[in-house]
Each structure stands twice: as C-alpha cells, then as structure tokens.
Amino acid sequence: MSTRYNFKEIESKWRKIWEENPVNPHDTDKPKYYCLDMFPYPSGNGLHVGHWRGYVLSDVVSRYKILQGYEILHPMGWDAFGLPAENFAIKTGTHPAETTKKSIANIKRQVKEISAVYDWDREVNTTDPDYYKWTQWIFVQMYKKGLAYEKEMPLNWCPNCKCVLANEEATNGVCDRCGSPVTKKNLRQWMLGITKYAERLLNDLQDLDWPEKVKKMQTDWIGKSYGAEVDFAIKDTDKKITVYTTRPDTLYGATFMVLAPEHEIVPEITTAEQKDAVEKYVYAASTKSNVSRMTDKEKTGVFTGAYGINPLNGALVPIWVSDYVLADYGTGAIMCVPAHDDRDFEFAKKFGLPIIQVISKDGKEDEELTQAYTEPGIMINSGELNGMKSEDAKAKMPEYVEKQGFGKKTVNYKLRDWVFSRQRYWGEPIPLVHCEKCGIVPVPEEQLPVELPNVESYQPTETGESPLASIEEWVNTTCPCCGGPAKRETNTMPQWAGSSWYFLRYCDNHNDKELASKEALKKWMPVDLYVGGVEHAVLHLLYARFYTKFLYDIGAVDFEEPFKRLFNQGMICKKNEEDGKLYKMSKNKGNVVSPDETVEKYGCDSLRMYELFIGPPELDSEWDDSGIDGVFRYLNKIWKFVDENKDKTIAATSEIEQIRHKMIYEITNRLEALTMNTVVSGFMEFTNKLINAVKAAGGVDMETLETICILLAPFTPHIAEEMWQNIGHTESVFKQKWPEYDENKMKEDTVEIAVQINGKVKTTINIAADFDKDSAIAAAKEALGTKLTGTIVKEIYVPGRIVNIVAKN
RNA sequence: GCGGAUGUGGCGGAACUGGCAGACGCGCCGGACUUAGAAUCCGGUUCUUAGGAGUGCAGGUUCAAGUCCUGUCAUCCGCACCA
C-alpha cells in the first residue's frame with residue numbers, strides 16, 4: 001500500500017520534539033488527573049498488539065484531560081519480580097536481575113512506540129532495592145501491628161513451582177500460574193491478616209465506580225454470611241461441638257451432625273467400634289487431592305458412634321464425619337437438616353438418616369419430601385416456633401439461642417488470611433531476623449532494604465526451604481535487638497507485594513525518606529482511572545485495597561480506597577491456524593501480532609486508532625489484519641482534506657458549522673463514555689459529511705480545520721500535531737483547549753423524517769425541524785397521497801423522527 | 001447448581017431516555033485512472049417470488065420493540081459441597 005502521508009517522518013519528528021518539550025508539564029496549579037495502567041511484568045516475549053489496547057485507551061484519556069486543562073499523572077513501571085526470570089535462571093544460570101534488566105529494556109522500547117504521555121522520570125521497578133525497601137517497610141509495619149504472623153497449617157503447595165500459594169492463587173485446586181494440581185502441605189508460613197479487613201473491604205466496594213462484575217467477584221470472594229453458632233453437647237461426655245449455621249430457623253429439624261475429617265474432636269469422640277472405620281476415612285480424605293475433593297459431589301461419610309444433643313429439644317443426633325464439610329470454614333462442623341438442605345438431604349438418603357420437616361409452604365406437613373424444601377414458608381414441628389414465618393424465625397433465632405446460652409449470633413467470611421511467604425529466590429526478602437534469645441525481630445527501618453544476595457543455585461527445594469537458606473554468610477547475622485548471633489528469615493514475598501502499593505510510589509518515586517510524601521499523595525491520590533485486564537479482579541485489586549486500608553490505619557495515607565474508577569479492557573484474540581478457534585494472543589498459540597511490525601507498516605497513529613476501532617473496549621475482540629487498512633485510509637483522507645483546504649479557507653457555511661458542532665458534541669460524549677470504537681466511527685462519519693459539505697460550499701473555514709486537529713490529538717497525536725502546524729500554528733496542539741459545542745448551532749433547519757402507515761414506513765419527507773404537529777401531518781398526508789386509505793384512527797408526530805398515521809380499513 | 005455477560009448482513013460492529021435496523025469499517029461486485037498491476041477515486045452491497053420478510057427462538061405490551069415484559073435456547077466468563 002503506497003502512503004499518502006509520510007507517517008514515518010512525521011512520527012519520529014514529533015516524538016523527538018515531545019521528548020524535549022513534554023506536552024504535560026508538572027508542578028502547575030491545574031486540577032489533577034491520575035490515569036494509571038496496570039504495570040506489566042517485563043516478560044522476555046515483549047508486547048503484542050493486545051497489550052496496546054489498554055495503554056492506548058488510558059493515553060487517549062490522559063491526552064484528552066490535558067486538553068481539558070488538567071495536570072496529568074500518567075506513569076509506567078515494571079512488576080519485575082516473579083517466576084519466569086527465576087525459572088530461566090535455573091535453566092541457564094543467568095541471574096534474574098540480568099534477565100529482568102534486558103526484558104525491561106526491550107519492553108520499554110516497545111512501550112515507547114505507543115507514544116503515550118508517560119512520565120518516564122516517575123518509572124518504578126519493583127526489583128530495585130530503593131523500591132523494595134518500602135515494600136519491606138510496609139511488611140515491618142504490618143508485623144509491628146500484629147497483622148503479619150507466622151502459622152503452621154496445611155497450605156496449598158504447587159509441586160511444580162515448589163512453592164506455597166495463596167488461596168487466591170489456587171482457585172479450583174489448580175495453580176494459577178502453571179496449572180498443576182495443588183496439594184496440601186503442612187508448613188509454617190508467614191500470613192497477613194487480611195480477614196481483619198473483610199468487613200471494610202466489602203463495605204467500601206459500594207461507592208467505587210468499578211465494573212459490577214469485579215465488585216461481585218470481590219464480594220463473593222469475601223463471602224459474608226449471617227447466622228449463628230450453636231453448641232451441641234455430646235452425650236455421655238462433658239465435651240461439646242459448636243456448629244455454624246445460616247439457618248438457625250431449622251434447628252428443630254436437625255437430625256444428625258457432620259464434622260470435617262480434620263476436625264480435632266473426631267478422634268476424641270469416636271467410639272471403639274467405629275475407630276477403624278473413622279481412621280480409615282480420615283486418612284483417605286487427607287490424601288484425596290484438592291481437585292477431586294472439590295469435584296466429587298457424591299457424598300461419602302462415616303459414623304463416629306457418638307451422639308450430640310439438640311439444645312432446643314434434647315433430641316439425640318448421630319455425629320458423622322464427611323469431607324463435604326470443610327475444615328477451614330465456619331467451625332468445621334455442621335448440624336444437618338436434611339428436610340431443608342440439598343446436601344444434607346442427599347447424605348440422609350444415602351445413609352438412611354431421619355428427615356424431619358420443619359418448614360412447609362402452607363403450614364401443613366408434606367406426605368413425603370422427594371427433595372429438600374429450601375424455600376421460605378411456615379414453621380411446623382418446631383415447638384414454640386410453629387406457625388411463624390420461617391424468615392421471622394431465621395431473624396429471631398440467633399438472639400434466642402444467645403439468650404438461652406447455647407450459642408451466639410455470628411457472621412462468617414469465606415476470605416482467608418493471606419499466605420504471604422514464598423520459598424523462591426526472586427522476590428523481596430522478608431525483613432525479619434530469628435534470634436534465639438529475642439525471638440523474631442524485625443530488621444530496623446534504617447537497615448532496610450534487606451537486599452537479595454547472590455546465590456549459586458536458584459533451584460527450589462522439595463522441603464519448602466528457600467534457596468536463600470543455603471547462603472550461610474547471608475543467613476547468619478546479628479540480632480538487631482541483643483547483638484547476638486541470629487539467622488535471617490529466608491522466605492521471600494509473593495509477587496503481589498510489590499504491586500500492592502506501586503501506585504503510591506509513582507506519586508513521589510525518588511523519595512528516600514518515605515514511601516511517598518504526604519504532599520505528593522495528597523496531590524495525586526486517589527487514582528482517577530485505573531485501566532487493566534479483568535484477571536486481577538480478586539488478586540491484585542483486593543490486595544491493593546487491603547494495603548491501602550492498612551496504610552490509612554497507620555496514618556501513612558489519608559484515603560481508604562486507591563482506585564476511584566476501574567476500567568477492564570477486553571483481550572485481543574486471533575484465530576489459531578490449526579483449529580480455526582479464537583484465542584487470546586499468546587506465544588503458545590502462535591497467534592501473536594507484533595506491534596513493532598504493525599507500526600513499521602502503518603505507523604503508530606494508525607495502530608492506535610485501530611486498537612480503539614476494533615470493538616467495544618470492554619469486550620474481547622478479534623484482530624483482523626486488513627481491518628487496520630480502514631483507519632490508515634481514513635488518516636490519509638483527513639490528511640489530504642486538511643492539506644488541500646488549508647490555504648483557501650472561506651467563511652463557514654451554516655451546514656459546515658452545524659457539522660462541526662455536532663462532531664464536537666458526539667466525539668466528546670463518546671470519549672467521556674469510553675466507547676472508543678464509536679468515537680473512531682464518528683470521526684469517519686463526520687469527515688465524510690464534511691467533505692461533501694465542503695465540496696458543495698467550495699471550501700472550509702479555518703476553525704473547522706483547527707477543531708479537527710484538536711479532536712484528533714488524543715487519538716492520533718502525531719498526525720494531529722503535524723496538521724496543526726501545517727495550518728499555521730507554532731505552539732503544540734496540546735497547549736490548546738478542547739473545543740466546545742453550541743447546541744443551538746448543532747440543530748439542522750430541515751430534517752428528513754419517516755412517514756408510516758400503521759407503523760410501516762411508506763415514504764420520507766423533508767420538513768422544517770420546528771414544524772408543529774398539524775403541519776407535519778399535513779405534509780405527510782400529501783406525500784402519502786393515494787397510499788393512505790380507510791379511516792384515520794390516530795395521528796402521531798415525533799418531531800425530528802417520525803409521522804405515524806394509524807388507519808383502519 | 002448459582003451469578004453475570006453476549007446473541008443484529010459474508011465479517012467486525014452501530015442504533016442516545018421505544019421512533020426510518022444495518023451507521024462506520026473490512027470484504028466483495030462494478031466503474032474511472034493506468035501498457036499492466038498496486039495504490040487512489042467514484043458507485044453498489046441484509047434477504048427477497050418486488051408484495052413483503054427480517055435483530056437466537058416462542059409469546060406479550062404499544063400507534064411503534066434490537067430496545068420494555070414473560071418464557072426458552074445457545075455461547076462465553078466467574079463462583080462452586082461455604083452449611
């Protein structure tokens with residue numbers, strides 16, 4: 001394709017000029033706008049055109065805000081700790097720092113091709129000791145507040161990564177990173193008490209301008225439920241079992257109990273006759289993989305031989321063990337009401353346990369329940385509760401149980417504390433020292449950062465020990481407290497540590513006294529628009545909110561929510577040659593399109609515009625190699641139009657003026673709504689209209705040419721800047737003001753409207769836009785002529801839209 | 001199983017609070033320019049027995065439904081024995 005406008009020359013020219021004279025000067029007294037991209041992991045594979053999508057979108061918004069008179073913070077950095085560099089080190093012996101440095105250099109070069117208005121002097125890198133000093137500092141503050149603690153417990157262990165995983169990283173029993181099935185391993189690990197923040201993390205979601213989907217995912221992950229804990233005494237012992245239930249209204253219907261196999265009371269209450277069977281079952285459950293425990297829905301279980309006593313009516317209920325009860329949710333023990341719970345019903349049927357109905361639709365007992373009745377209804381077989389609405393009983397029971405002294409009202413969360421230590425090399429060392437005399441001592445703040453030492457072997461171990469453990473001269477240190485011999489903590493932090501607060505560091509990235517100064521944070525935070533993929537809906541976005549709330553509590557920041565508005569861009573997919581199916585671009589699938597080549601062929605402006613044009617930005621889109629031709633042709637067209645008309649401008653005709661105002665109106669509104677695909681189609685549509693109007697008028701006015709340049713500037717900055725210069729300006733287009741529209745001037749004098757008979761379009765008429773109903777109907781009837789037959793029942797006129805005549809024959 | 005999103009020409013997709021369905025672009029067809037091709041420009045492009053039919057399917061509300069209501073199907077995503 002031959003080129004009409006020389007994008008190569010224009011783009012390199014302006015890139016250079018902007019580098020010397022940034023279009024977004026700082027330290028102004030303008031209002032602020034913080035527009036943030038989720039920073040990338042600098043992978044060796046570099047970027048593909050899918051990565052551009054979010055970056056272009058956020059840049060368009062940033063440049064638009066500049067034109068609207070804002071001072072912008074639009075930074076970029078590198079989330080550079082992580083496994084790929086470390087695995088590469090294991091294979092080749094190359095130090096991860098070296099690999100990371102190279103990858104960053106490459107990806108930075110690629111990111112610069114986007115020509116975004118990034119503040120490169122605010123770049124951060126999570127592996128830079130000046131950065132992770134503060135990652136460690138935050139950990140120390142958490143430790144001091146008792147929020148970071150050590151605990152031994154069965155943890156998700158990825159045998160492939162040889163590393164523990166947080167719950168959030170092991171959804172569906174599979175390692176988030178490598179897809180291996182996760183096993184459980186009993187390990188002593190560092191935890192962060194995120195559950196202390198469950199309520200705030202849940203409540204504060206309400207006011208965020210985030211996609212509902214993400215809010216819902218976080219809400220579900222936190223998993224709040226209301227209910228009661230009820231104590232069941234165990235027959236012939238002085239022991240009791242506390243169960244958690246969300247259905248205290250059904251307490252009279254409890255006919256058995258089930259304990260999780262891991263429940264500590266199981267061996268204590270199991271009778272001699274049942275001992276073998278129970279031990280066998282518990283052992284089998286412990287070796288069952290996480291995946292099958294989640295997916296095997298067929299109920300299994302074993303009777304312990306013991307009986308609990310229903311505190312309400314003294315009824316004896318057999319106590320069973322089954323792995324459908326989870327040890328780490330609620331109390332690890334449940335009361336079972338088979339009449340009103342699907343799972344309990346299934347269990348009761350399978351093992352022949354009694355079923356007592358305590359709720360029914362009409363207050364009468366059903367003949368026989370064929371399935372659990374889970375709807376609300378009227379209480380029956382429930383003593384003093386009989387006749388009450390089940391919802392009322394549900395609301396009343398927790399308090400009643402509490403008053404009677406055999407339980408209490410409670411709230412439960414699915415959210416677990418965050419397993420925070422990793423047994424790998426390429427991460428922030430946890431800044432703690434183990435002293436025989438003083439116990440665990442945090443490294444004093446003035447000694448931070450605890451830098452990562454060099455190791456010989458990056459190989460992780462089977463035992464759950466970090467490769468750092470083998471470096472004796474590093475491990476052996478002195479206790480900051482007593483000066484005696486001590487050992488360093490050898491675990492490192494998860495990759496999420498660095499990304500949980502990086503948006504704060506951008507505000508003041510050179511500060512060596514604080515993670516960021518109060519003034520800088522006050523100026524910039526919170527983030528006004530955060531753009532990134534939906535894959536971090538629970539992980540990064542939950543952790544970052546947690547960190548922010550913690551920093552708020554210790555007075556380090558004065559806001560509780562870091563990201564006011566969140567936008568999730570869709571992925572760019574491409575058909576795989578082999579199976580013809582759409583896949584997200586990836587090296588594995590061999591469907592990657594390189595932005596480097598695309599820029600070479602079409603230029604940055606064309607690629608930027610095509611990234612937006614490809615489809616609704618929040619949905620996945622299919623890359624079409626020839627689709628970019630359309631925007632490239634468009635840019636040539638607008639270039640030619642401006643070039644041909646710039647030297648012979650005339651006064652604006654009313655038609656051209658009307659097009660200009662309408663164009664400003666549409667582009668602005670669509671841009672505000674982030675419906676970027678329709679912005680691009682709007683540019684094309686209005687340009688076509690304009691070209692026709694200009695042909696008729698014999699020329700165009702200067703203001704219209706200027707408007708086009710400014711409107712295009714956020715989208716295709718180079719060509720816009722060049723055209724702006726070509727029409728006679730010496731100052732950057734980004735120093736201009738975003739144009740305003742005048743609604744009165746948008747209006748057309750005459751409009752074409754459709755004329756319908758009984759809702760079917762028969763013809764169209766051109767009438768004055770301000771015609772009243774009678775004139776419009778009259779004009780419509782005239783246009784219809786003999787087509788209109790029968791008796792007219794109704795006449796409808798929607799100004800500017802339609803005339804509909806309802807006639808009966 | 002629960003929750004959410006999506007469903008419109010050959011393709012990607014437009015259509016603001018119900019008001020001319022298919023904007024804009026790709027592709028394709030025809031024409032102009034050219035020795036020729038590429039590029040560019042101009043015109044056409046939902047289907048169709050030319051009366052109509054048509055926004056996954058079946059109903060409903062309305063003068064008027066892609067848009068609202070009821071039911072249903074398909075695809076994708078998230079959660080998934082959370083008591």
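Within every chain, numbering begins at 1; the chains are lettered A, B, ... in the order of the sequence lines, protein sequences first and strands thereafter. This one's a predicted model, so the numbers in the text were calculated from it and none came from an experiment.
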(message) Using a heavy-atom cut-off of 4.0 Å across all strands, would you classify A:Glu346 as base, sugar-phosphate, or nothing?
(response) nothing
(request) With sequence neighbours excluded, tell me which residues meet side chain to side chain contact (heavy atoms under 4.5 Å, CB included) with A:His536. (result) A:Met38, A:Trp496, A:His540
(message) Expressed as a whole number of angstroms, how long is the span from A:Asp341:CG to B:C2:P?
(response) 15 Å
(request) Could you tell me whether the phosphate oxygens of B:A23, OP1 or OP2, come under 4.0 Å of any side-chain nitrogen or oxygen in A:Thr678? (result) no
Could you give the side-chain donor-acceptor pairs of residues 752-759 of chain A under 3.5 Å, partners two or more places apart or in another chain?
| unit_1 | atom_1 | unit_2 | atom_2 | d |
| --- | --- | --- | --- | --- |
| A:Asn758 | OD1 | A:Ala807 | N | 2.9 |
| A:Asn758 | ND2 | A:Ala807 | O | 3.3 |

(message) Between A:Tyr329 and B:A83, is there a contact of a side-chain N or O with OP1 or OP2 at under 4.0 Å?
(response) yes
(request) Using only side-chain N and O atoms of A:Asn688, determine if any of them is under 4.0 Å from OP1 or OP2 of B:G25. (result) yes
(message) What's the gap between B:C47 and B:A39 when it is taken at their P atoms, as a whole Å value?
(response) 25 Å
(request) Only counting residues at least two apart or in another chain, list the ones meeting ring-ring contact (aromatic ring centres under 6.0 Å, His included) with A:Phe232. (result) none
(message) Applying side-chain hydrogen bond (donor to acceptor under 3.5 Å, both in side chains), can you list everything that pairs with A:Thr678, at least two apart in sequence or on another chain?
(response) A:Thr675
(message) Suppose you measure atom P in B:C11 against the same atom in B:U55; what distance do you get, rounded to whole Å?
(response) 16 Å
(message) Suppose we screen for side chain to side chain contact (heavy atoms under 4.5 Å, CB included). Which residues come up paired with A:Asn412, at least two apart in sequence or across chains?
(response) A:Ser225, A:Tyr244, A:Tyr329
(message) Any base atoms under 4.0 Å from A:Lys299, or only sugar-phosphate, or nothing? Heavy atoms, all strands.
(response) base
(request) Just label B:G4 as syn or anti from its O4'-C1'-N9-C4 or O4'-C1'-N1-C2 angle, using within 90° of 0 for syn. (result) anti
(request) Using atom CG of A:Leu619 as one end and atom P of B:U8 as the other, report the distance to the nearest whole Å. (result) 13 Å
(message) At less than 4.0 Å, is any side-chain N or O atom of A:Asn677 found next to OP1 or OP2 of B:A14? Yes or no.
(response) yes
(message) Given a 3.5 Å cut-off on both pairing distances, which stems involving RNA chain B, each at least three consecutive Watson-Crick or G-U pairs, are present, if any?
(response) B:1-7 with B:73-79, B:10-12 with B:24-26, B:27-32 with B:40-45, B:56-60 with B:68-72
When you compare the protein's N or O atoms with those of nucleotides 76-79 of chain B, which come within less than 3.5 Å of each other, and at what distance?
| unit_1 | atom_1 | unit_2 | atom_2 | d |
| --- | --- | --- | --- | --- |
| B:C77 | O2' | A:Lys213 | NZ | 3.1 |

(message) Is A:Lys689 close enough to B:A23 that one of its side-chain N or O atoms is under 4.0 Å from OP1 or OP2 there?
(response) no
(request) Report the nucleotide, chosen from B:A21, B:G19, B:G12, that has the shortest atom-to-atom distance to any side-chain atom of A:Phe613. (result) B:G12
(request) Go through the structure and list residues passing ring-ring contact (aromatic ring centres under 6.0 Å, His included) with A:His263, not counting sequence neighbours. (result) none
(request) Check side chain to side chain contact (heavy atoms under 4.5 Å, CB included) between A:Leu202 and all other residues, then give those that pass, not counting sequence neighbours. (result) A:Thr219, A:Ile222, A:Lys224
(message) Between B:C20 and B:U6, how many Å separate the two C1' atoms, rounded to a whole number?
(response) 27 Å
(request) If a pair satisfies ring pair (Phe, Tyr, Trp, His ring centres under 6.0 Å) and one of its residues is in residues 668-693 of chain A, list it, with sequence neighbours excluded. (result) A:Phe683-A:Phe715
(request) Specify the separation, in whole Å, of atom CG of A:Leu326 and atom C1' of B:A80. (result) 11 Å
(request) Determine, stepwise, if the pair A:Leu607 / A:Trp52 fulfils side chain to side chain contact (heavy atoms under 4.5 Å, CB included). (result) CA-CA 9 Å; A:Leu607 180 52; A:Trp52 270 55; 3.7 Å; yes
(request) Round to the nearest Å and state the distance from A:Trp623 atom CH2 to B:C26 atom P. (result) 15 Å
(message) Any base atoms under 4.0 Å from A:Ser225, or only sugar-phosphate, or nothing? Heavy atoms, all strands.
(response) sugar-phosphate
(message) Given B:G12, B:A83, B:A23, identify the nucleotide with an atom nearest to the side chain of A:Ile334.
(response) B:A83
(message) In the structure I gave you, are the side-chain heavy atoms of A:Ile355 and A:Gln357 within less than 4.5 Å of one another anywhere?
(response) no
(request) Please state the C1' separation for the pair B:U45 and B:G9 - nearest whole angstrom. (result) 10 Å
(message) How many whole angstroms separate atom OH of A:Tyr413 from atom P of B:A83?
(response) 13 Å
What N/O pairs connect the protein and nucleotides 59-64 of chain B at under 3.5 Å? Give each pair on its own line.
| unit_1 | atom_1 | unit_2 | atom_2 | d |
| --- | --- | --- | --- | --- |
| B:C63 | OP1 | A:Lys794 | NZ | 3.4 |
| B:C63 | O2' | A:Asn804 | ND2 | 3.2 |
| B:C63 | O2 | A:Asn804 | ND2 | 2.7 |

(message) Judged by each residue's nearest nucleotide on RNA chain B, which is more toward the 5′ side, A:Ser621 or A:Glu685?
(response) A:Ser621
(request) Please measure how far the P atom in B:A21 lies from the corresponding atom in B:G54, and state the result in whole Å. (result) 12 Å
(message) By nearest heavy atom, map A:Ser681 and A:Lys760 onto RNA chain B; which one lands nearer the 5' end?
(response) A:Ser681
(message) Assess the residue pair A:Met609 and A:Leu712 against the criterion (side chain to side chain contact (heavy atoms under 4.5 Å, CB included)); give the C-alpha distance rounded to whole Å, side-chain angles, the decisive distance to 0.1 Å, and a yes or no.
(response) CA-CA 10 Å; A:Met609 204 171 215; A:Leu712 276 173; 3.9 Å; yes
(message) Distance check, C1' atoms only: B:G19 and B:A64, in whole angstrom units.
(response) 7 Å
(request) Remember a base hit wins even if backbone is also touched, and classify A:Lys762 as base, sugar-phosphate or nothing at under 4.0 Å, heavy atoms. (result) sugar-phosphate
(request) Rounded off to whole Å, could you give me the CD1-to-C1' distance for the A:Ile691 and B:U40 pair? (result) 14 Å
(message) Centre-to-centre under 6.0 Å for A:Tyr610 and A:Tyr602, is that the case here?
(response) no
(message) Nearest whole Å is fine: how far is B:G4 P from A:Asn568 CG?
(response) 18 Å
(message) Is any side-chain heavy atom of A:Ile359 closer than 4.5 Å to one of A:Pro376?
(response) no
(message) Measuring to OP1 and OP2 of B:C26, would you say a side-chain N or O of A:Arg633 lies under 4.0 angstrom away?
(response) yes
(request) Give A:Ile614 one of three labels, base, sugar-phosphate or nothing, depending on what nucleic acid heavy atoms sit under 4.0 Å from its own. (result) sugar-phosphate
(message) If I take atom CG in residue A:Asp624 and atom P in nucleotide B:C24, what distance separates them, rounded to the nearest angstrom?
(response) 18 Å
(message) Please enumerate all residues that pass ring-ring contact (aromatic ring centres under 6.0 Å, His included) together with A:Trp639, with sequence neighbours excluded.
(response) A:Tyr5
(message) I'd like to check A:Met663 versus A:His661 (side-chain heavy atoms, cut-off strictly below 4.5 Å). Are they in contact?
(response) no
(request) Write down the distance separating the C1' atoms in B:G56 and B:U8, rounded off to the nearest Å. (result) 10 Å
(request) Between B:G66 and B:G59, how far apart are the P atoms? Round to whole Å, please. (result) 15 Å
